[in-house]
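Below: one structure, written as structure tokens.
Labels below follow one simple rule: chain letters A, B, ... track the order of the sequence lines, proteins then strands, and each chain is numbered from 1. All values below were derived from every heavy atom in this structure, side-chain atoms included, with hydrogens, water molecules and symmetry-related copies excluded.
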Protein chains: 2
Amino acid sequence: MKLTTRTRYAVRSMVDLVNQPAGKPSPLSDIAQRQGVKLRYLEQIFIRLRRAKLIESKKGPGGGYFINQNPKSIKLSEIMKAVGESSAPVFCVTRNSQKNCPRMIYCTIKPYWGKLGKTIDQFFDSVTLHDVSIKYDSIDPG
Amino acid sequence: MKLTTRTRYAVRSMVDLVNQPAGKPSPLSDIAQRQGVKLRYLEQIFIRLRRAKLIESKKGPGGGYFINQNPKSIKLSEIMKAVGESSAPVFCVTRNSQKNCPRMIYCTIKPYWGKLGKTIDQFFDSVTLHDVSIKYDSIDPG
DNA sequence: TTCATATCTACTTCTATATTATAGAGGGAT
DNA sequence: ATCCCTCTATAATATAGAAGTAGATATGAA
């Protein structure tokens, strides 16, 4: 049950942006260097983030990417969605592809995969960009 | 966040075994046919399940695989573990590989990936083979 | 006009998963 | 004893999707 690097880089880069001076664009090359990620790869990720309106961009010298909203208002689930990561643990629990599985009528397992997907969804919905940007205080020892 | 086919086939095949006459070995070729999975692939999965003592085997004519314990006592987490699926969403939250990530000292995200992993773990720990073998009664509409 | 930046499209490489293949070991039946 | 059925083990190959690379273009500030 691994996350893709696209997702991980996306979250890391968003945290990186949060830590930059507010309103000041960061060139992607700087972000790539700070995060130790190849610029060309990060480009593709940032285009998605921008299209999802999670970040804004400014072209030309002095340009770059920046966040123009409160990190507390951005959920991880939005970042996931922007870069195309799905929480569905199997293909058959997403709405579109239900019809493709010939077992769906009598499959006794599927409802549990659905539950798992929802559990994961709830996690991503409950954690904000702000949360993952600050030092974690372990309240519950779970 | 997809499950591998190895995991899915493992769970499906275990359910298949539950539905066979108790104590009577099922030849793997039959299971493969019923499940629509290639025998050669299923062989590898079943060896792992047997090594984990989740199932037993009998060689020779009339032999095959069978379950010799209560499906209520087998957790999905045991099946996952047997076939090598991990709930860790990123490599750095498993104990062994912690040392490999140079960011672990100051990374503010990692604790949340750890939490996600635990959440997934809890799910797999809370669902038994019996659960996924019977028709699901949706009690909570969540 | 020049340069720094983002944006877009396409292509290549890589790797884990999935699949196939080959050989062997054990055991029941005749 | 021999045969065939079954599991067991390991190796080789194929595939798909992720990861990474490249080239060309658009935009805007100085």
Side-chain angles (χ1 to χ4, degrees), chain A residues 1-13 17 20 24-33 35-68 80 82-86 88-91 97, chain B residues 1-10 12-13 17 20 24-33 35-68 80 82-86 88-91 94 97:
Chain A
M1 301 230 69
K2 286 280 179 296
L3 292 168
T4 60
T5 60
R6 227 170 47 215
T7 304
R8 295 194 291 113
Y9 292 173
V11 175
R12 271 167 56 180
S13 302
L17 277 188
Q20 300 311 309
K24 186 183 164 224
S26 291
L28 196 49
S29 53
D30 290 3
I31 301 171
Q33 193 159 32
Q35 293 301 320
V37 173
K38 283 286 167 59
L39 171 62
R40 282 299 169 89
Y41 193 35
L42 213 50
E43 280 176 351
Q44 301 172 30
I45 293 168
F46 268 68
I47 286 177
R48 291 169 185 249
L49 293 173
R50 194 193 149 273
R51 283 183 187 153
K53 299 194 196 304
L54 298 179
I55 55 178
E56 295 180 30
S57 64
K58 192 163 182 293
K59 290 185 180 178
Y65 290 97
F66 57 100
I67 292 190
N68 212 0
M80 302 287 152
V83 298
E85 176 98 25
S86 160
V90 293
F91 78 95
S97 42
Chain B
M1 301 232 70
K2 287 281 180 295
L3 292 168
T4 60
T5 61
R6 227 170 46 214
T7 303
R8 295 195 291 112
Y9 293 172
R12 270 167 56 182
S13 303
L17 277 188
Q20 300 312 309
K24 189 185 164 221
S26 291
L28 196 48
S29 53
D30 289 4
I31 301 171
Q33 193 159 31
Q35 293 301 321
V37 173
K38 284 286 164 62
L39 171 62
R40 287 286 167 79
Y41 193 32
L42 214 50
E43 282 176 346
Q44 302 173 30
I45 294 169
F46 267 67
I47 286 178
R48 292 169 183 250
L49 293 173
R50 193 192 149 274
R51 284 182 187 153
K53 299 192 196 305
L54 298 179
I55 55 179
E56 295 179 31
S57 64
K58 190 166 184 290
K59 293 183 180 177
Y65 289 97
F66 57 100
I67 291 191
N68 210 1
M80 302 287 151
V83 299
E85 176 99 26
S86 159
V90 293
F91 79 95
T94 60
S97 42

Inset, instruction - Report yes or no: does B:Arg6 contribute a side-chain atom to a donor-acceptor pair with the main-chain N or O of B:Val83 at less than 3.5 Å? - result: yes
Inset, instruction - Assess the side chains of A:Ser13 and A:Gln35: does a donor N or O sit below 3.5 Å from an acceptor N or O? - result: no
Legend entry - Any donor-acceptor N or O pair under 3.5 Å, side chains B:Thr4, B:Tyr9: no
On the nucleotide [N], are OP1 or OP2 found under 4.0 Å from the side-chain N or O atoms that [X] carries?
| X | N | answer |
| --- | --- | --- |
| B:Thr4 | C:dT17 | no |
| B:Tyr65 | D:dT8 | yes |
| A:Arg51 | C:dC8 | yes |
| B:Lys38 | C:dT20 | yes |
| A:Tyr9 | D:dG20 | yes |

Going by modelled atom types, is there a donor-acceptor pair between the base of [N] and the side chain of [X] at under 3.5 Å?
| X | N | value |
| --- | --- | --- |
| A:Arg6 | D:dG20 | no |
| B:Gln44 | C:dT17 | no |
| A:Glu43 | D:dT21 | no |

Do [X] and [Y] come within less than 4.5 Å of each other through their side chains, counting heavy atoms only?
| X | Y | value |
| --- | --- | --- |
| A:Phe46 | A:Ile55 | yes |
| A:Glu85 | B:Met1 | yes |
| B:Tyr65 | B:Ser26 | no |

Inset, instruction - Using a heavy-atom cut-off of under 4.0 Å over every strand shown, decide if A:Thr7 touches base, sugar-phosphate, or nothing. - result: nothing
Can you tell me the distance, in whole Å, between the [atom1] atom of [X] and the [atom2] atom of [N]?
| X | N | atom1 | atom2 | result |
| --- | --- | --- | --- | --- |
| B:Arg48 | C:dA18 | CZ | P | 11 Å |
| A:Tyr41 | D:dG17 | OH | C1' | 10 Å |
| A:Ile45 | D:dA18 | CD1 | P | 12 Å |
| A:Arg50 | C:dT5 | CZ | P | 17 Å |
| A:Met1 | C:dA16 | CE | P | 18 Å |
| A:Leu3 | D:dA19 | CG | P | 10 Å |
| B:Phe91 | C:dT15 | CZ | C1' | 16 Å |
| B:Arg8 | C:dA18 | CZ | C1' | 11 Å |

As a test of reading the structure: which of [options] is closest to the side chain of [X], going by heavy atoms?
| X | options | value |
| --- | --- | --- |
| B:Thr5 | C:dC8, C:dA18, C:dG27 | C:dA18 |
| B:Arg40 | D:dT6, C:dT22, D:dT8 | C:dT22 |
| B:Pro61 | C:dT20, C:dC8, D:dC5 | D:dC5 |

Inset, instruction - Would you jot down, in residue-number order, the residues of residues 53-60 of chain B having a non-hydrogen atom under 4.0 Å from DNA chain D? - result: B:Ser57, B:Lys58, B:Lys59, B:Gly60
Inset, instruction - Would you please test A:Lys2 and B:Val90 for side-chain contact (heavy atoms from CB on, under 4.5 Å) and show each step? - result: CA-CA 6 Å; A:Lys2 286 280 179 296; B:Val90 293; 5.7 Å; no
Legend entry - Approximate separation, where rounding is to 0.5 Å, of B:Leu39 CG and B:Gln44 CD: 10.5 Å
